[in-house]
> 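Shown below is the structure under consideration.
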Protein chains: 2
Amino acid sequence: MKILIDAMSGDNAPLEMIRGAEWAKREFKDHQIMLVGDENVISDVAVKNDIDIEGIEIIHSSSVITMEDNPLSVVRDKRDSSMGVGLKALSKDEVDAFVSAGNTGALLTGATITVRRINGINRAAIASILPLTTPVLLMDSGANLTVSSDNIIQFAFMGSKYMEKIYGIDRPRIGQLNNGTEYNKGNALQVESYQILSESGLNFVGNVEAKEVPFSACDVLVTDGFTGNVFLKSVEGMGKFLLGTLKDVLTTNLVTKVSTLTMKEKIKDMKKRFDSTEHGGAPLLGISKPVIKAHGSSNAKAIKNAVRQAIFFVETGINNDISIFAADYDDKKLIADAEKMYGSI
Amino acid sequence: MKILIDAMSGDNAPLEMIRGAEWAKREFKDHQIMLVGDENVISDVAVKNDIDIEGIEIIHSSSVITMEDNPLSVVRDKRDSSMGVGLKALSKDEVDAFVSAGNTGALLTGATITVRRINGINRAAIASILPLTTPVLLMDSGANLTVSSDNIIQFAFMGSKYMEKIYGIDRPRIGQLNNGTEYNKGNALQVESYQILSESGLNFVGNVEAKEVPFSACDVLVTDGFTGNVFLKSVEGMGKFLLGTLKDVLTTNLVTKVSTLTMKEKIKDMKKRFDSTEHGGAPLLGISKPVIKAHGSSNAKAIKNAVRQAIFFVETGINNDISIFAADYDDKKLIADAEKMYGSI
């Protein structure tokens, strides 16, 4: 399997990307790790930092998508960027998966236009794992600010399949993020989606309030990308905030300072949970080939974990399942539309 | 000043409501504390629990709004409920403020219909204080699921006035909850509101991401009630979740168990911060007279604190400031409308 890493992406590019590639090379020996980026820059950085990139194939690209670039630039004036070249290689089956820590909007736009969505899937979603007691997949965490109930049901199906295949959860519990648990809570979108999810055959556990999500209320949380983004960032922010408060508590006086040493490890565990580098990245579910969005602040370890995730993604054949669902979903819609149009003839 | 408490409201009614009233009576001697509810029940519970309610005036009511009741019942078949009678007393100026831990929807509906909004204010909002390093007022935390940019600017003004008067903050910083900080982030609502807030004369600090809210990014956070509700509950849920994790860390082995004793107080502080009973309640800003919504799980202390909040609310004359703003805002809108209509004559 060939996994391609965007060497020029993220806050710590290219050094941590190259380090991550080298780490992945050692850890996943059965697979071919590749980098896309400026050949000279990659070689120079590798030599200067004593990173052994032998065996890592490099695809050359001459520009870089920045965080400030318009998302569409990846398919317009910056098709020669590492992201643009990488996505093109994926679309032409020259590689099996693509990992990038770059501009989220550009990656989503580029993936949608260059790699394309799975037939029948109306919107791709950024599927983020929330760092809680049990992992919770958030669909969508920011790709689609406004969505329809059609999108929500597709998010639910794709998320369910992902948690089943990647996390081995049998019949993942789907919850809809809402301002109350009753069926009639929320706006028209939530009320309509509730109805459709109830009849979907998925393991829909109903509406879930934000305060219950940390306590394992569901395995997949579906919502629009705006609410999802606010929710994801509040979880991240509160995690950071409370760990800071905890540090204050633990360094208050000498006694607590001493005891802190004994607790060091446990607290490390807590920090680890909120450390995005542990979770790899977020797949763009609904795209016809595996694209993994790594966190912008990714270090080598995060990239290595994102590569592992990409390998799992390919091996488990998630996209095949999603394709079958989407084709079936599309059929049903076409039939319903035809009935509406011609039903009275 | 006469502060009326809904004796039959909340999960712990009537006992904790009566206890709260007695506590408030002792703490705020200059003011008259009153209860609304079933006279016999209140007397019985007071006697049985040895609570001295002498000096607390009781207004009799014969029914109760439950959490399951339709919000409109408070102005229809349950006008004789403690909430209905209490709101009526407030509207007739028989009392100066009303505190209830009951059904939020009913309280908001009843307040809007019986007590009425301030002239020119289009929507009342539930103004919740987020328990963070510095207090942040969330406007709206759940009253209005969908809003217009007109509502957002009014929320911003009311919230600014509240934080200035109650928390003594000079020119409170207004932030708009959004999925990014740039001016063009979010849906049409956020883009439009950003523009209007920028020109409002308020201390608008721009869009704020959820992850920055715990780190004092603003004093007032404006958003629609759906997103606000999800955000509020995620802050509550994450606080509870992380305190639980912390407890695990601290009771791992004997050494940490011993040290826990020395830290007890500090951790108590942390818990206190996330304890809703400390913050009293959330005022319904935009209603023409003070209505304080206490948390459903309120105990005596929370009720006592909500009474203090009600007293502040009246003393600082917030509603007078909001009235002046609303009249001015209304004038400007009428002029703008007239210009649109007759401008071409």
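Each chain gets a letter, A, B and so on, in the order the sequences are listed, and its residues count up from 1.
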> Please report the interatomic distance NZ(Lys211(B)) to CG(Asn229(A)), rounded to the nearest 0.5 Å.
9.0 Å
> Where does Gln190(B) contact chain A at under 4.5 Å (heavy atoms): side chain, backbone, both or neither?
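The side chain, not the backbone.
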> Which residues in residues 148-156 of chain A have a heavy atom less than 4.5 Å from any heavy atom of chain B?
none
> Where do Lys233(B) and Asn179(A) come nearest, in terms of heavy atoms and distance?
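So the minimum-distance heavy-atom pair works out to NZ-O, 3.0 Å.
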> If I compare all heavy atoms of Ala210(B) with all of Ser234(A), which pair ends up nearest, and what's the gap?
CB-N, 3.5 Å
> Please round to the nearest 0.5 Å and tell me the distance separating atom CG of Leu189(B) and atom OG1 of Thr146(A).
12.0 Å
> Find the one option among Thr223(A), Leu232(A), Leu177(A) whose heavy-atom pairs under 4.5 Å with chain B are most numerous.
Leu177(A)
> Closest heavy-atom contact between Gly239(B) and Met238(A)?
N-CE, 4.3 Å
> Given the ring of Phe215(B), does Lys240(A) sit roughly above its face, with NZ or CZ under 6.0 Å from the centre of the six-membered ring and within 45° of the axis?
yes
> At a 4.5 Å cut-off on heavy atoms, which part of Val230(A) comes close to chain B: side chain, backbone, both, or neither?
both
> Taking the side chain as every heavy atom from C-beta outward, state whether Asn178(A) and Phe226(B) have any atom pair closer than 4.5 Å.
yes
> Check whether any side-chain heavy atom of Leu145(A) sits under 4.5 Å from a side-chain heavy atom of Lys185(B), and report yes or no.
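No, their side chains stay 4.5 Å or more apart.
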